[in-house]
Amino acid sequence: MIVTVLGIARKHKGAPFPARELLPSAATVGTSVTNQAKALRKISVPKLKKILTTRGVCISLDGWTEDYTKTKFVGFIIHYTEDCILKEELITIPEFDATKSQTVKFRFYS
């Protein structure tokens, strides 16, 4: 990153330069988040399937609103024991519209 900043500074010869040249584009961020989610899903899905099919679990919910866009979310977390140790795993965080009656479908990706 330092090399990038120095290259941009050289290009502008010390004059002020736009911050957009330092920050990744929205498309780059979106692609990065999508790729990270896919990688995490490959690890998490088999683990969650095993937990849900072989153990008793308790599901808890947590709701919140994102301040900037006022988007509402609800998180689903499973709690279970493994070797007498209480553990938890996040299942999903869908957007939630409190003005509508909704059914949340748990979807596992394979």
Side-chain angles (χ1 to χ4, degrees):
M1 182 169 168
I2 297 295
V3 173
T4 302
V5 172
L6 292 174
I8 293 170
R10 258 185 263 130
K11 175 180 161 187
H12 291 279
K13 297 180 174 54
F17 50 88
R20 71 178 176 273
E21 290 195 35
L22 291 175
L23 303 173
S25 69
T28 300
V29 172
T31 299
S32 177
V33 168
T34 299
N35 290 340
Q36 288 179 27
K38 286 178 182 178
L40 182 59
R41 197 175 293 130
K42 282 183 180 181
I43 297 166
S44 298
V45 169
K47 181 179 180 179
L48 288 173
K49 280 184 179 180
K50 182 179 178 187
I51 291 167
L52 291 171
T53 58
T54 62
R55 296 185 174 93
V57 299
C58 176
I59 299 177
S60 62
L61 309 173
D62 182 21
W64 68 94
T65 302
E66 189 276 322
D67 290 334
Y68 183 70
T69 63
K70 304 301 182 205
T71 304
K72 293 172 179 55
F73 295 95
V74 61
F76 293 80
I77 302 167
I78 60 169
H79 305 272
Y80 62 97
T81 58
E82 184 175 78
D83 299 324
C84 296
I85 298 170
L86 181 62
K87 297 193 173 194
E88 63 183 39
E89 295 288 335
L90 177 66
I91 295 178
T92 186
I93 305 176
E95 286 187 33
F96 182 73
D97 184 349
T99 64
K100 297 179 184 175
S101 176
Q102 294 179 302
T103 301
V104 176
K105 295 180 182 178
F106 291 103
R107 192 168 117 187
F108 289 103
Y109 300 87
S110 52

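Hydrogens, waters and symmetry mates play no part in the numbers below; they use all other heavy atoms, side chains included.
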With [X] via side chain to side chain contact (heavy atoms under 4.5 Å, CB included) - residues at least two apart:
X: L86; value: H79, T81
X: K87; value: Y80, E82, I85
X: T53; value: none
X: T54; value: K50

By salt bridge (charged side-chain N to carboxylate O under 4.0 Å, His left out) - contacts of E88 (at least two apart):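 For E88 there are no salt bridge (charged side-chain N to carboxylate O under 4.0 Å, His left out) partners, ignoring immediate neighbours.
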I'd like to check the salt bridge (charged side-chain N to carboxylate O under 4.0 Å, His left out) partners of K70; sequence neighbours left out, ordered by chain and number.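 In terms of salt bridge (charged side-chain N to carboxylate O under 4.0 Å, His left out), with neighbours along the sequence ignored, K70 is linked to no residue.
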Nearest 0.5 Å please: distance from the CG atom of D62 over to the CG atom of L90.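 The CG atom of L90 is 10.0 Å from CG of D62, to the nearest 0.5 Å.
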Starting from L40, can I reach V33 by hopping between I/L/V/M/F/W/Y residues whose side chains sit under 4.5 Å apart?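 No: no chain of side-chain contacts under 4.5 Å links V33 to L40.
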Got a sec, which residues hit side chain to side chain donor-acceptor pair (under 3.5 Å) with S44, two or more places apart in sequence or on another chain?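 So S44 forms no side chain to side chain donor-acceptor pair (under 3.5 Å) with any residue.
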Could you tell me which residues satisfy side chain to side chain donor-acceptor pair (under 3.5 Å) with T71, sequence neighbours excluded, listed by chain and number?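 Here the qualifying residues are T69.
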Transitive ILVMFWY cluster of Y68, excluding itself - 4.5 Å side-chain cut-off: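 Answer for Y68: none, a lone residue.
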Side chain T34, main chain G30, donor-acceptor under 3.5 Å: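 Pair found, side chain donor or acceptor close to backbone of G30.
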Closest heavy-atom contact between L48 and I91?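 For L48 and I91, the tightest heavy-atom pair comes out as CD1-CA, 4.5 Å.
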